[in-house]
Amino acid sequence: MRKFNYIFFAILIMALVSCKKENNNGSQPVSHDAKGVFILNEGTFTFANSSLSFYDKEADTVGNNLFFKANGSPIGDVGQSLALYDGSLFIVVNNSKYIYKVDAKTLKFQAKLEGFTSPRNIYVLENGLAYVSDLMKNGLWLVDLNTMEHKQFIETGNSTEAMVRVGDELFVSNWSNYYVPNSSDNSVQVIDIKTNTLVETITVPQEPNAMVVDKNNHIWVLCSGGYNPGEQNPALVRIDAAKRQIIKRFDFNAGADYPDGLAIDGAGENLYYLNGGYSSLDVYKMSINDTQTPDNPFIAADERVFYNVAVDPENGDVYVTNAKNYVQNGDVERFSKDGELLSKFTVGIVPCYMLFN
């Protein structure tokens, strides 16, 4: 969920919601344990119309509104992220402030964990303990997904966003200080997983919004440069996890670029990210060995409103979500690693997070 959407699209939503017609997408029955991808559709902020879709890549079919069909109730307000663990799917719902646990095959409700301030992303460890980042609180939640209980709150002094792991350390981006004054929005913090303590803070460009780890255990951090155009230079940086320091920086154009969304292929060799103006982002592809960012997009948005990008770790297919006008149902487009359009399907409102199974 991009922070600027809260304000920018509020007027648009009020103008269009009264004439919005229902669309069932013509979705087909799918098996949720087939090879494919879960798509979490954010929905409209404060409308509690988030939804869950699943695309069966072998059958080329999509199922929509799956949580509602399984449980007879909506997911809630702003679906944020997903995780799989031990046969269950976990759905982080940001503005509703809870996490749902459902059976990964049937999507039937199993449990609900509340008590968060503004949960964002989730990172699951092998034993079922998980870290949950929070946009409006200075730290990181540690929860037990087996018992669906809070275990600890790790103080970081900053709000938390994206998370990646290298060895026994969790790297956490501090994306925003919008809701938490006097905190950082230009750092990545390092948590010792064995002790659950903060051990290092690495300064990066402003608003690090996404992170991935490459085959060399280097961490790539995409930084938007700030909500206000021209505030600071947006950049992509590479961090040596062992040394906990930046070893390469790629600058974008301040005031013109707004990089957002970062993915890496299963081999850990090629990066994919969105970049362009606030409302028109193209998809770019870049090797981890490149010495400069690409000049030309891998996939041009044209009239589409690209919102997020993900890569199938098995075959390298690139999935890109199209939020359209943020009110009607969006699309997901699947491309080959060479940029050829393979398929396109309609999902829910503001499709964002994608999780492969």
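Note that these values count all heavy atoms, side chains included, but never hydrogens, waters or copies made by symmetry. Fair warning: this is a prediction, and the values are worked out from it, not measured in the lab.
Under the side-chain contact (heavy atoms from CB on, under 4.5 Å) criterion, N138 pairs with E155, V180, S183, not counting sequence neighbours. E340 meets the side-chain contact (heavy atoms from CB on, under 4.5 Å) test with S336, L342; sequence neighbours excluded. Residues passing the side-chain contact (heavy atoms from CB on, under 4.5 Å) test with T117, sequence neighbours excluded: D134, M136, K137, W141. Under the side-chain contact (heavy atoms from CB on, under 4.5 Å) criterion, N296 pairs with no residue, sequence neighbours left out.
K112 forms a cation-pi arrangement with Y98, by the criterion of a distance under 6.0 Å to the ring centre and an angle within 45° of the ring axis. With F250 as the aromatic partner, K248 meets the cation-pi criteria of under 6.0 angstrom to the ring centre and within 45 degrees of the ring axis.
Cluster annotation: V132 is not connected to Y353 through the hydrophobic network of ILVMFWY side chains, with a link wherever side-chain heavy atoms come within less than 4.5 Å. At a threshold of 4.5 Å between side-chain heavy atoms, the hydrophobic network of Ile, Leu, Val, Met, Phe, Trp and Tyr places V212 and I288 in one connected group. Grouping the Ile, Leu, Val, Met, Phe, Trp and Tyr side chains by contacts below 4.5 angstrom, directly or via other members, places L271 apart from L274. A continuous path of ILVMFWY side-chain contacts below 4.5 Å connects L107 to F54, so both sit in one hydrophobic cluster. Transitive grouping of hydrophobic side chains (ILVMFWY, heavy atoms separated by less than 4.5 Å) keeps F116 and F45 in distinct clusters.
Remark: side-chain polar atoms of N253 are not paired, donor with acceptor, to backbone N or O of A256 under 3.5 angstrom. For S50 (side chain) and V78 (main-chain N/O), no donor-acceptor pair under 3.5 Å exists by modelled atom type. For the pair S81 (side chain) and R120 (backbone), a donor-acceptor distance under 3.5 Å is present. For S173 (side chain) and P208 (main-chain N/O), a donor-acceptor pair under 3.5 Å exists by modelled atom type. R249 contributes no side-chain N or O that, together with a main-chain N or O of D251, makes up a donor-acceptor pair within less than 3.5 Å. No donor-acceptor pair closer than 3.5 Å links the side chain of S187 to the backbone N or O of T201. Counting only distance, with no hydrogens or angles, the side chain of N71 and the backbone of P74 share no donor-acceptor pair below 3.5 Å. No donor-acceptor pair under 3.5 Å is formed between the side chain of N275 and the backbone N or O of D257.
The heavy-atom pair separating L262 from A210 by the smallest distance is CB-CB, 3.7 Å. Considering every non-hydrogen atom in both T147 and E149, the closest pair reads OG1-OE1, 3.1 Å. Between G261 and N308, the closest heavy-atom pair is CA-OD1, 3.9 Å.
A side-chain hydrogen bond (donor to acceptor under 3.5 Å, both in side chains) with S53 holds for exactly one of N64, N65, T346; it is N64.
One distance of note links CE of M354 with CG of L82; it measures 10.5 Å at 0.5 Å rounding. The distance from the OG1 atom of T44 to the CG atom of D77 is 9.0 Å, given to the nearest 0.5 Å. Of the inter-residue distances, the one linking L170 atom CG with I154 atom CD1 reads 8.0 Å to the nearest 0.5 angstrom. Atoms OH and OH, on Y284 and Y272 in that order, are 15.0 Å from each other to the nearest 0.5 Å.
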Go through it in stages, so that I can follow the logic: the residues are N186 and Q206, the test is side chain to side chain donor-acceptor pair (under 3.5 Å), and I'd like the CA-CA distance, side-chain angles, deciding distance and then a yes or no.
CA-CA 4 Å; N186 67 335; Q206 193 172 9; over 6 Å; no

For salt bridge (Lys or Arg N to Asp or Glu O under 4.0 Å), just list the numbers for K57 and D312, CA-CA rounded to whole Å, side-chain angles, deciding distance to a tenth of an Å, and then say yes or no.
CA-CA 10 Å; K57 65 182 183 181; D312 188 326; 2.6 Å; yes

I'd like to know whether K35 forms a salt bridge (Lys or Arg N to Asp or Glu O under 4.0 Å) with E58, so could you lay out the CA-CA distance, the side-chain angles of the two residues, the decisive distance to 0.1 Å, and finally the verdict.
CA-CA 7 Å; K35 287 287 186 179; E58 295 177 353; over 6 Å; no

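A salt bridge links E269 to K215: at least one charged side-chain nitrogen sits closer than 4.0 Å to a carboxylate oxygen. Under a 4.0 Å N-O distance rule, the pair K194/E169 does not qualify as a salt bridge. Between R244 and E200 there is a salt bridge, with a side-chain nitrogen of the basic residue lying less than 4.0 Å from a carboxylate oxygen of the acidic one. Checked for salt-bridge contact, D331 and K324 meet the test: a charged N lies under 4.0 Å from a carboxylate O.
Neither side chain, N174 nor D185, offers a donor N or O lying under 3.5 Å from an acceptor on the other.
Between Y307 and Y326, the ring center distance clears the sub-6.0 Å criterion. A centroid separation of less than 6.0 Å is found between the aromatic rings of Y319 and F356.
Clustering of Ile, Leu, Val, Met, Phe, Trp and Tyr side chains at separations under 4.5 Å places I219 together with V164, V166, F171, V188, V190, V199, I202, V204, M211, V213, V221, V237, I239, I246.
A heavy-atom distance below 4.5 Å is not found between the side chains of L355 and N357. Using a 4.5 Å heavy-atom cutoff, the side chains of I91 and F67 are in contact. With a 4.5 Å cut-off on side-chain heavy atoms, D103 and Q110 count as touching. Using a 4.5 Å heavy-atom threshold, the side chains of E161 and N121 count as touching.
Summarising the local packing, CG of N182 is surrounded by 12 or fewer heavy atoms from other residues, nucleotides or ligands at distances under 6.0 Å.
Residue pairs meeting the ring-ring contact (aromatic ring centres under 6.0 Å, His included) criterion with at least one member in residues 117-140, sequence neighbours excluded, do not occur.
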